[in-house]
Amino acid sequence: MNIQLTNLTKKFVSNTLFKDLNANFSSGNSYAVTGPNGSGKSTLLKIISGYLPSTSGTVNLLNNEAIIPKEEYYKHINICAPYLDLIDELTLNEHLEFHGKFKKTHKNTDILSELEKANLSGSLNKPVNEFSSGMKQRLKIILATCYQSEVLLMDEPSSHLDKVGKKWYIDLMTDKIRDRITLFFSNDEEEFIRFTDNLINIELLNQTKRN
């Protein structure tokens, strides 16, 4: 699996977020997309996922060099982002049942075991609107990482997590990103520093290596 960005540009009226961005992301590798607030990190995630069109340029998701149609991106991409809401009226267990209709669990993943590690196993029958912000974030991370996909798009994934939650997040990601393309969209190095030295600074339009 590969993701290819070719001359990718996004403009809103007179504001250009990024211009002529070129990059190639391949399976088994992780990358961090960085840049100041408002520089287009979340917008780039939405374009890669097919949710938002670019102004110009292309995004291609390739499987053995065959281009995957955008209407099938949901089969291959999982997203964790602050602006993706859970369904407040559903319980945690109902979220899992609903999610399971579209995605199988990631290889060698026991969801109940992962919920226990996330300190969520005692809340299976609790509606999500009764969850704390940290509990909601842990559930979002589990739905993204513990279900099948070749691509993970993680936008500020440790937001709302306390010290214990961040330790859990690091342990989980260490186990779940193998053989995937993982893109972190964040300026918080703690979220990605253990997983990658491949950096893309949108503002500088320059892919670099951490020294």
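Because the structure is a prediction, the values reported are computed rather than measured.
- Checking side-chain atoms of N129 against main-chain N and O of E89 turns up no donor-acceptor pair under 3.5 Å.
- Cation-pi geometry between K10 and F12 is satisfied (NZ or CZ under 6.0 Å from the ring centre, within 45° of the ring normal).
- A distance of 9.5 Å separates CD1 in I48 from OH in Y73, rounded to the nearest 0.5 Å.
- The environment of F195 atom CZ is dense: over 12 non-hydrogen atoms of other residues, nucleotides or ligands sit within 6.0 angstrom.
- Formation of a donor-acceptor pair under 3.5 Å by the S27 side chain with backbone atoms of M1 is found in this model.
- Donor-acceptor pairing under 3.5 Å is lacking for the side chains of T174 and D171.
- By the rule that hydrophobic residues join a cluster once side-chain heavy atoms approach within less than 4.5 Å of another member, I79 and F98 end up as members of separate clusters.
- Of the possible polar contacts, none joining the T109 side chain to the T105 backbone as a donor-acceptor pair under 3.5 Å is found.
- In this structure, V164 is not a member of the same hydrophobic cluster as L115, with clusters built from ILVMFWY side-chain heavy atoms closer than 4.5 Å.
- Sorted by first and then second residue, the salt bridge (charged side-chain N to carboxylate O under 4.0 Å, His left out) pairs with a member in residues 102-129 read K107-D179, E114-K117, E114-K176; sequence neighbours excluded.
- Interatomic distance, CG of L5 versus CG of L44, reported as 6.0 Å (0.5 Å rounding).
- Applying the 4.5 Å side-chain rule to ILVMFWY residues, one finds L90 in the same cluster as I87.
- Expressed to the nearest 0.5 Å, how far CG of L61 lies from CD1 of I68 amounts to 4.0 Å.
- Here the straight-line distance linking atom CG of L183 with atom CD1 of I200 works out to 7.0 Å at 0.5 Å rounding.
- Judged by distance alone, the side chains of E191 and S186 do bring a donor and an acceptor atom under 3.5 Å apart.
- Judged by distance alone, with hydrogens and angles left aside, the side-chain atoms of T91 form no donor-acceptor pair with the main-chain N or O of P127 at under 3.5 Å.
- How far CD1 of I67 is from OG1 of T58: 8.0 Å, rounded to the nearest 0.5 Å.
- For the pair S149/R180, a side-chain contact is recorded, criterion being any heavy-atom separation below 4.5 Å from C-beta on.
- Residues S123 and F131 have side chains in contact (heavy-atom distance under 4.5 Å, counting atoms from C-beta outward).
- I47 is listed as a side-chain neighbour of L52, based on a closest heavy-atom distance under 4.5 Å.
- The number of heavy atoms from other shown groups lying within 6.0 Å of CD (E190) does not exceed 12.
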Stepwise, does the side chain to side chain contact (heavy atoms under 4.5 Å, CB included) test hold for T9 with L21?
-> CA-CA 7 Å; T9 297; L21 181 60; over 6 Å; no
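- With hydrogens and angles ignored, the 3.5 Å screen pairs a side-chain donor or acceptor of T55 with a backbone N or O of K11.
- Scanning both residues, L86 and H95, for their nearest heavy atoms gives CB-NE2, 3.6 Å.
- In this structure, the side chains of T145 and M154 come closer than 4.5 Å at one or more pairs of heavy atoms.
- L62 and L8 fall into different hydrophobic clusters, where Ile, Leu, Val, Met, Phe, Trp and Tyr side chains are chained together by heavy-atom contacts under 4.5 Å.
- The shortest heavy-atom contact between K70 and V59 is NZ-O, 3.4 Å.
- With 3.5 Å as the limit, one finds a donor-acceptor pair spanning the side chains of H76 and E150.
- Contact of the L153 side chain with the T182 side chain is not registered, since no non-hydrogen atoms from C-beta on lie closer than 4.5 Å.
- A distance of 10.0 Å separates NE2 of H106 from CD1 of I177, quoted to the nearest 0.5 Å.
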Check against side chain to side chain contact (heavy atoms under 4.5 Å, CB included), Y51 and I77 | CA-CA 11 Å; Y51 178 79; I77 297 174; over 6 Å; no
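- Environment of CD in E71: crowded, with over 12 heavy atoms of neighbouring residues, nucleotides or ligands closer than 6.0 Å.
- Between the H99 side chain and the L143 main chain, a donor and an acceptor come within less than 3.5 Å of each other.
- A donor-acceptor contact shorter than 3.5 Å links the side chain of T196 to the backbone of S30.
- Aromatic ring centres of F102 and Y74: separated by at least 6.0 Å.
- Of all heavy-atom pairs between F184 and P157, the closest is CD2-CG, 4.4 Å.
- You'll find the side chain of T34 stays beyond 4.5 Å of the side chain of I202, heavy atoms only.
- No hydrogens or angles considered: a donor-acceptor pair under 3.5 Å links the side chains of D155 and S42.
- What you find for A144 and N78 is that their closest heavy atoms are O-ND2, 2.9 Å.
- Judged purely by atom type and a 3.5 angstrom limit, N187 uses its side chain to pair as donor or acceptor with the backbone of G35.
- Within the 4.5 Å cutoff, the side chain of V151 has heavy atoms near those of the I3 side chain.
- Using modelled atom types, no side-chain atom of N15 and backbone atom of V13 make a donor-acceptor pair closer than 3.5 Å.
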Please walk me through it: do K166 and D162 pass salt bridge (charged side-chain N to carboxylate O under 4.0 Å, His left out)?
-> CA-CA 6 Å; K166 289 181 179 180; D162 58 16; over 6 Å; no
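- Side-chain contact between T6 and N60: absent, with no pair of heavy atoms (C-beta onward) separated by less than 4.5 Å.
- S158 places no side-chain N or O within donor-acceptor distance of the main-chain N or O of L161, the cut-off being under 3.5 Å.
- Here the closest non-hydrogen pair linking K41 and F185 is O-CD2, 3.2 Å.
- Taking each heavy atom of G57 and S54 in turn, the nearest pair found is O-OG, 3.3 Å.
- F25 and Y31 have perpendicular rings, their planes meeting at more than 60° on a 0 to 90° scale where under 30° would count as parallel.
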